[in-house]
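In what follows, a single structure is set out as structure tokens and then discussed.
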Amino acid sequence: MSDFIVHWAAEPVAVAGATALTMGVFDGLHVGHQALIRETVAAAQRRGVRPAGLTFYPSPDVVIRHQAPSYLLLPEERTALMHALGLEMVVVARFDTALAGLRATEFMQRLCYSFHPSEVWVGADFALGRGREGTVSVLRGLGESLGYDLRVLPRQHIGGEVVSSTLIRSLLDEGLVTKVATFLGRAYSVSGPVVPGNGRGRTLGFATANVAVPAEKRLPADGVYGATVSHEGSQWPAVVNVGVRPTFGRNARTVEAHLLDFDGDLYGRYLTVAFLERLRGERRFADPEDLRRQVAEDIARARRILPATRVVDGAGVGV
């Protein structure tokens, strides 16, 4: 099992023996991506080879279209999930302008040198190479000379909608985290260390953990969410605010979590926040007392909809 960055614009790198391989950006690793990986693992078992995945970072949208980075999954999150789905090897290829400029034929030659794939699995809308010239039909033709069989997974649908990372980003931007979970097959989550905040939550009677989420990680729409917060196997229900806290003037965008039934020191701990349901949008209150009353209502509602505290092997943090 190995995760590493391969600079594919340089000389080809021999990575593995015979494999069944899937490739793509896999941002979000939604249910469509998961189906693709399961098919790859099954193909590897049939052929007696290693199941492998090739993914790319940064995103082509960042390199080619100069979009600001905003990921559903950061590389380490993505590779961990890909391994959990059964891929024995995951390679993160550094995507840059040199890689983007490779012709499809050269790219696939390099890929075959590195992975020796007997089968290559991609989604129906997959394309690679300069100007996306390496369409499914082109890649299938190249397989005849390079020695792999191309397998194409049809688009996945849920509720009449095509599952895609673009759709999930759009839903997340609307705060529709419950629907996002349907397409991801899990709750959307963010992670980071707890850093000092301004202490306003504690003065209101609701201490919060200020989670420093990496700037490249996409956040749901500003608002208040019912969530779970996890740390080293322990999990607590929580009310989480994403936003700028407009009641107290202009502030940077933050993720603040109030853990229910928790009393302890979380500074420096690494927390994962999983968003389960949006309770309301963020808004400005007339004064701190109005805000305090609303937070109390948010907590009461969250208690009705969230799972109870779960502590594994007594490993609670400061409980």
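Hydrogens, waters and symmetry mates play no part in the numbers below; they use all other heavy atoms, side chains included.
The shortest distance between side-chain heavy atoms of L150 and V122 falls below 4.5 Å. Side-chain contact between V242 and R253 is present, with at least one heavy-atom pair separated by less than 4.5 Å. Residues L111 and Y148 are not in side-chain contact: their nearest non-hydrogen atoms beyond the backbone lie 4.5 Å or more apart. For the pair Y188 and I168, the minimum side-chain heavy-atom distance is 4.5 Å or more. With a 4.5 Å cut-off on side-chain heavy atoms, L85 and V41 do not count as touching. Within the 4.5 Å cutoff, no side-chain heavy atoms of M82 are placed close to those of V92. Put simply, the side chain of R50 reaches to within 4.5 Å of the side chain of M89, judged on heavy atoms. Annotation: side chain of V120 is not in contact with side chain of D149 (no heavy-atom distance under 4.5 Å).
Under the 30°/60° scheme for interplanar angles, the aromatic rings of F107 and F56 are found to be tilted.
Heavy atoms only, all atoms of each residue included: T182 and I158 are closest at O-CD1, 3.5 Å. Between F115 and A52, the shortest heavy-atom contact is CD2-CB, 4.4 Å. In plain terms, the two heavy atoms of F275 and A227 that are nearest each other are CA-CB, 4.2 Å. Residues C112 and L146 come closest through the heavy atom pair SG-CB, 3.9 Å. For the pair G175 and A221, the tightest heavy-atom approach, listed with the atom from each and the gap, is N-CB, 3.5 Å.
A donor-acceptor pair under 3.5 Å is absent between the side-chain atoms of S170 and the main chain of T166, judged by distance alone. The backbone N or O of P237 lies less than 3.5 Å from no partner atom in the side chain of T228, so there is not a single donor-acceptor pair. At least one donor-acceptor pair under 3.5 Å links the side chain of Q34 to the backbone N or O of L29. Looking at T22, its side chain does come within 3.5 Å of a backbone N or O of W121 through a donor-acceptor pair. Proximity of a side-chain donor or acceptor of S165 to a complementary backbone N or O of G28 within less than 3.5 Å is not detected. Judged purely by atom type and a 3.5 angstrom limit, H258 uses its side chain to pair as donor or acceptor with the backbone of A207. Q156 contributes a side-chain N or O that, together with a main-chain N or O of P154, makes up a donor-acceptor pair within less than 3.5 Å. Using a distance-only test at 3.5 Å, with no hydrogens or angles considered, a donor-acceptor pair links the side chain of T178 to the main chain of L276. Judged by distance alone, the side chain of T254 and the main-chain N or O of E256 form no donor-acceptor pair under 3.5 Å. A distance-only check finds no donor-acceptor pair linking the side chain of E282 to the backbone of D222 [under 3.5 Å].
Distance check, rounded to the nearest 0.5 Å: OG of S114 to CD of Q109 gives 12.0 Å. The CG atom of L306 lies 7.5 Å from the CG atom of L279; values are rounded to the nearest 0.5 Å. Residue R151 holds its CZ atom at 14.0 Å from CG of L139, rounded to the nearest 0.5 Å. Considering CZ of R269 and CD of E232, their distance stands at 6.5 Å, rounded to 0.5 Å. Separation of atoms CG (L87) and CZ (R38) is listed at 11.5 Å; rounding is to 0.5 Å. Between the CG atom in L72 and the CG atom in L172 there is a gap of 6.5 Å [rounded to 0.5 Å].
Between E106 and R110 there is a salt bridge, since at least one side-chain N of the basic residue sits less than 4.0 Å from a carboxylate O of the acidic one. Salt bridge absent: E297 and R280 never bring a charged side-chain N and a carboxylate O closer than 4.0 Å. Under the 4.0 Å criterion applied to side-chain N and carboxylate O atoms, E289 and R293 are assigned as salt-bridge partners. Using a cut-off of 4.0 Å between Lys/Arg side-chain N and Asp/Glu carboxylate O, R301 and E277 are scored as salt-bridged.
Placement of L74 and Y270 in two distinct hydrophobic clusters is found when ILVMFWY residues are connected by side-chain heavy-atom separations under 4.5 Å, directly or transitively. Criterion: ILVMFWY side-chain heavy atoms under 4.5 Å apart, direct or through other members. Under it, V195 and L219 are not part of a common hydrophobic cluster. Follow the hydrophobic side-chain contacts under 4.5 Å out from V162 and you never reach V31; the two are in separate clusters. Side-chain heavy atoms closer than 4.5 Å link hydrophobic residues (I, L, V, M, F, W, Y) into clusters, and following such links, even through other members, never connects L54 to V49.
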Point to revise | Trace of the side chain to side chain contact (heavy atoms under 4.5 Å, CB included) decision for V152 with R140 | key: CA-CA 9 Å; V152 181; R140 181 173 285 114; 3.6 Å; yes
Point to revise | Test log, rule side chain to side chain contact (heavy atoms under 4.5 Å, CB included), inputs V273 and Y225 | key: CA-CA 10 Å; V273 178; Y225 296 84; over 6 Å; no
**Study point:** From CA spacing to verdict: side chain to side chain contact (heavy atoms under 4.5 Å, CB included), R94, L99
**Key:** CA-CA 8 Å; R94 186 182 304 281; L99 181 58; over 6 Å; no
Check your understanding: Which is it for L266 and L259 under the side chain to side chain contact (heavy atoms under 4.5 Å, CB included) test, yes or no, and what are the steps along the way?
Key -> CA-CA 10 Å; L266 287 170; L259 281 62; 3.9 Å; yes
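Remark: of the listed residues R78, K217, R169, E77, R78 is the sole one forming a side-chain contact (heavy atoms from CB on, under 4.5 Å) with Y71. L73 pairs in a side-chain contact (heavy atoms from CB on, under 4.5 Å) with only one of the listed residues (T79, D27, T55), which is D27.
Aromatic rings from F183 and H30 are positioned such that their centres are separated by 6.0 Å or more.
Defined by atom type and a distance below 3.5 Å, a donor-acceptor pair is missing between the side-chain atoms of D290 and Q294.
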